[in-house]
Amino acid sequence: MRFFFILFLGIGILHSYAQNPNDCVNALVICGDSSIGLDPSGTGFDEFSLPGNEIPSCYNFDQHSIWFKFTIVGSGSFTFDIVPDDGADYDFAIFGPVVDCTELGAAIRCSSTNPDNAGVPPETGLNMNETDVTEGPGEDGNGYLQFIDASVGDVYYLLVDRAVGSGGFSLFYTGTAQLPNSVTAGAVEDQSKCDSDGTQDGLTEFNLEAFTPTVADGQQNVTVTYHTSLNDANIGINSLSSPYMTISNPQTIYARVTSPNGCTNYTSFELSTGGPTLLEPSEVILCTYGFELEYSITSIIDEVIADPTGYIFSFHATQEDADLNSNPLGESITLTETPQTYFVRVTSEEDSDCYNTTSFEGRINRIISAVNPEDLTACDTNNDGVETFSLAPLTAIILGENATEDFTIRYYATEEDRFLGQNPLPTSIENTQSPQTIYVSFIENETGCRDYTEFKLIVTPTPEPYFEQDTYQYCLNDTEPLKIKVRGGFANYEWNTGASGPNAGAIFVEEGGTYTVTVTNEYGCSETISTSVSVSNIATIEGVRVKDFTRYDNSITVTAVGEGDYEYALDNEANYQNDPTFKPVETGIHRIYVRDKNGCGVVSEEVLVLDYPNFFTPNNDGAHDTWYIRNIELFPATEIRIFNRYGRVLKNLPPNTEGWDGRNYDNILQPSDDYWFTLFLEDGRTIRGHFALKR
């Protein structure tokens with residue numbers, strides 16, 4: 001069995017007598033699960049002045065003592081722990097087994113060890129380990145003594161004294177010896193009653209006996225008494241009669257329950273006198289744009305009383321009017337910026353003398369208006385209708401000339417969120433539609449008054465310009481500049497050439513390079529695109545190299561220069577090739593063509609390819625009757641010499657003759673044979689070869 005008692009000892013005054021001392025005869029009876037609330041001061045009657053009582057030898061008494069009584073109803077060990085609070089030092093003595101405070105005899109246990117001097121904890125009491133029955137004072141002992149082997153019917157008195165320090169102590173009963181069953185005290189709710197006895201002094205009568213069944217809690221043969229102090233209730237003195245006239249407002253009453261075995265328990269409740277129990281209404285502060293505001297004063301009733309049923313309400317400008325129930329204000333008042341106190345009288349419908357009053361202060365705060373921001377627009381960069389908007393720059397706009405630290409600005413996606421103050425938006429958001437309305441709450445920090453505004457998020461289309469051609473080609477030999485044009489009707493154009501304006505949709509260029517234009521639509525959205533202009537030019541034939549007099553390996557190689565990309569054709573423009581060399585090439589006059597692949601034009605030039613025949617038949621049949629070099633007449637300064645196999649010059653031919661007829665200088669026909677020639681050309685070349693004469 002383990003019981004726990006918490007006791008608080010008051011500090012006595014040496015030169016005064018306590019009104020309610022705790023003496024042996026008034027010892028607190030300890031029962032199972034007892035409640036103890038004694039706050040004694042002084043020693044009261046000195047039990048040790050009686051001849052049958054001996055002063056304990058282990059310590060001296062002072063005025064901080066308390067008596068306990070233990071009646072054993074079941075044999076066993078009697079042990080306990082006294083645990084001081086706040087470093088206090090408690091001593092104790094035990095008397096018994098006796099049944100009379102006048103014949104306590106000598107203490108059977110006595111402990112007055114000073115824990116600081118002995119170097120031990122401040123706890124003290126009886127346990128099953130110790131063998132000594134007395135210790136102290138000073139450094140003697142460890143605070144614990146030998147247990148008591150208690151029998152049924154034994155009565156023990158425990159005297160506890162605070163020797164050093166201040167504060168109470170906790171008493172833990174740990175023995176196996178059984179104590180009487182405890183008694184319980186039922187809880188009584190606090191009571192309030194109207195002061196309607198004709199004298200408004202806050203005092204009135206209460207029928208205490210009406211609470212007795214509640215305090216008795218259904219227990220039989222218990223006695224219930226009422227007291228004005230916890231000491232009186234513990235000791236059982238100065239019980240109150242019923243009906244009882246209160247002496248203060250409010251006043252605490254202590255109810256004592258005593259069972260036939262002497263066990264007691266206690267409860268307390270409060271008696272208050274006055275009118276209806278009123279709440280303290282909050283200050284009424286309303287926000288408005290004007291300088292005054294009509295307020296329905298009856299709306300404060302729910303803050304005045306928990307249940308308005310059965311009461312009459314009136315409102316007054318002064319406490320006196322409220323007490324006298326005069327000059328009511330009616331149900332509506334005008335609030336201004338100047339604070340005004342208003343008084344509420346609540347009167348019972350059944351008793352006009354039963355009333356109470358309370359008051360509240362009312363005023364207005366003027367709402368400071370927010371500056372309406374303009375709608376936020378953003379260009380649709382991804383053509384998906386969604387863009388990111390930064391709301392942070394709007395703060396300064398909405399504040400206007402107000403200080404940042406005085407206001408809180410919040411943004412909401414819906415009016416409901418703004419009304420409930422939930423789900424505020426971050427300062428960087430993506431729109432969910434276009435246009436999308438954003439709702440703004442503009443809150444003054446000091447007053448809590450708020451204004452509202454709103455704006456829209458608008459995503460505008462981004463222009464989609466494009467050029468008429470993917471790329472452009474310009475011929476430097478053209479007589480007119482190249483026109484570059486952007487399709488689409490836009491509000492403005494700005495080129496990297498410097499050209500700009502609403503009508504600058506096209507420019508004219510005469511140089512190659514990259515040309516960039518930024519177009520802006522009517523929403524102010526821009527897009528930049530670029531195109532390239534490649535330049536080309538008609539070719540210039542710088543030279544033609546002819547390889548001739550090679551029989552079957554004659555060739556022509558053209559060297560063309562210019563800013564273009566060229567291709568080449570010989571005699572027929574239907575067959576162009578990338579290679580500037582043509583072979584094999586027949587003897588004769590040819591025309592070479594050089595064409596710019598980019599369409600900038602064609603240049604041409606005639607070329608002569610020479611070669612000699614390798615035989616002739618001078619038989620006057622009209623075919624190969626003479627040996628001559630075709631087109632050699634085009635080179636009038638050319639010299640031709642013909643030799644026989646022996647190196648003899650047979651003939652010198654001028655370039656404008658019809659050729660060699662097979663005769664020598666003497667006009668003698670030469671026989672069939674191989675003959676040689678030397679050709680001295682105007683360009684300085686010398687060509688040698690041989691041919692056959694056949695007859």
Dump the intermediate steps for side chain to side chain donor-acceptor pair (under 3.5 Å) on D417 and Q422, then the final yes or no. CA-CA 5 Å; D417 282 350; Q422 65 184 14; 2.9 Å; yes
May I ask you to check whether over 12 heavy atoms, not counting those of [X], lie within 6.0 Å of atom [atom1]?
| X | atom1 | value |
| --- | --- | --- |
| Q433 | CD | yes |
| E682 | CD | yes |
| K597 | NZ | yes |
| E331 | CD | no |
| E283 | CD | yes |
| E337 | CD | yes |
| R545 | CZ | no |
| Y523 | OH | no |

Short side-chain to backbone donor-acceptor contact, [X] and [Y], under 3.5 Å:
| X | Y | answer |
| --- | --- | --- |
| T341 | S359 | no |
| E586 | H590 | no |
| N402 | L399 | yes |
| Q469 | T471 | yes |
| N445 | G448 | no |
| T528 | T518 | no |
| N572 | N575 | no |

Between [X] and [Y], what is the shortest heavy-atom contact and its length?
| X | Y | answer |
| --- | --- | --- |
| I642 | Y675 | CG2-CB, 4.5 Å |
| F490 | P463 | CE2-CB, 3.4 Å |
| S536 | N598 | OG-ND2, 3.1 Å |
| V603 | A539 | CG1-O, 3.3 Å |

Run the side-chain contact (heavy atoms from CB on, under 4.5 Å) test on Y568 and D579 for me, step by step, so that the C-alpha distance in whole Å, both residues' side-chain angles and the decisive distance to 0.1 Å come before the verdict. CA-CA 7 Å; Y568 308 87; D579 192 346; over 6 Å; no
Any side-chain donor paired with an acceptor under 3.5 Å for [X] and [Y]?
| X | Y | answer |
| --- | --- | --- |
| Q436 | N431 | no |
| R410 | S441 | no |
| T381 | E387 | yes |
| D451 | Y289 | yes |
| E294 | S332 | yes |
| T626 | E658 | no |
| S526 | T520 | yes |
| D380 | T462 | no |
| N554 | D611 | yes |
| Y665 | N652 | yes |
| T447 | N365 | no |

Determine, stepwise, if the pair L570 / Y576 fulfils side-chain contact (heavy atoms from CB on, under 4.5 Å). CA-CA 8 Å; L570 182 66; Y576 275 96; over 6 Å; no
Taking C-beta and beyond as the side chain, do [X] and [Y] meet within less than 4.5 Å on heavy atoms?
| X | Y | value |
| --- | --- | --- |
| V517 | V519 | yes |
| R695 | L669 | yes |
| D625 | F616 | no |
| V304 | L279 | no |
| L681 | I632 | yes |
| P373 | F455 | yes |
| R450 | C287 | no |
| W660 | L650 | yes |

Quick one: which of F615, F643, W627 gives a ring-ring contact (aromatic ring centres under 6.0 Å, His included) with F691?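 When F615, F643, W627 are each tested with F691, the ring-ring contact (aromatic ring centres under 6.0 Å, His included) holds only for W627.
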As a quick check of understanding, evaluate salt bridge (charged side-chain N to carboxylate O under 4.0 Å, His left out) for D553 and K583, giving each step before the final call. CA-CA 7 Å; D553 195 29; K583 66 179 180 179; 5.1 Å; no
Does the pair Y412 and Y439 meet the rule for a ring-ring contact (aromatic ring centres under 6.0 Å, His included), with working shown? CA-CA 5 Å; Y412 300 91; Y439 302 90; 8.9 Å; no
Thinking salt bridges, do [X] and [Y] make one under a 4.0 Å N-O criterion?
| X | Y | value |
| --- | --- | --- |
| K483 | E468 | no |
| D674 | R645 | no |
| E416 | R418 | no |

Derivation and outcome, salt bridge (charged side-chain N to carboxylate O under 4.0 Å, His left out), residues R595 and E573: CA-CA 9 Å; R595 182 172 69 180; E573 285 193 83; 5.6 Å; no
Check the pair L391 / I429 against side-chain contact (heavy atoms from CB on, under 4.5 Å), numbers first and verdict last. CA-CA 8 Å; L391 307 183; I429 62 170; 4.2 Å; yes
Aromatic ring proximity, centroids under 6.0 angstrom, Y612 and F677: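 Between F677 and Y612, the centre distance is under 6.0 Å.
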Working for salt bridge (charged side-chain N to carboxylate O under 4.0 Å, His left out), residues D673 and K694: CA-CA 7 Å; D673 200 353; K694 298 178 180 181; over 6 Å; no
Could you go through T686 and T678, starting from their C-alpha distance and side-chain angles, then the distance that decides it, and tell me whether this counts as side-chain contact (heavy atoms from CB on, under 4.5 Å)? CA-CA 7 Å; T686 299; T678 300; 3.7 Å; yes
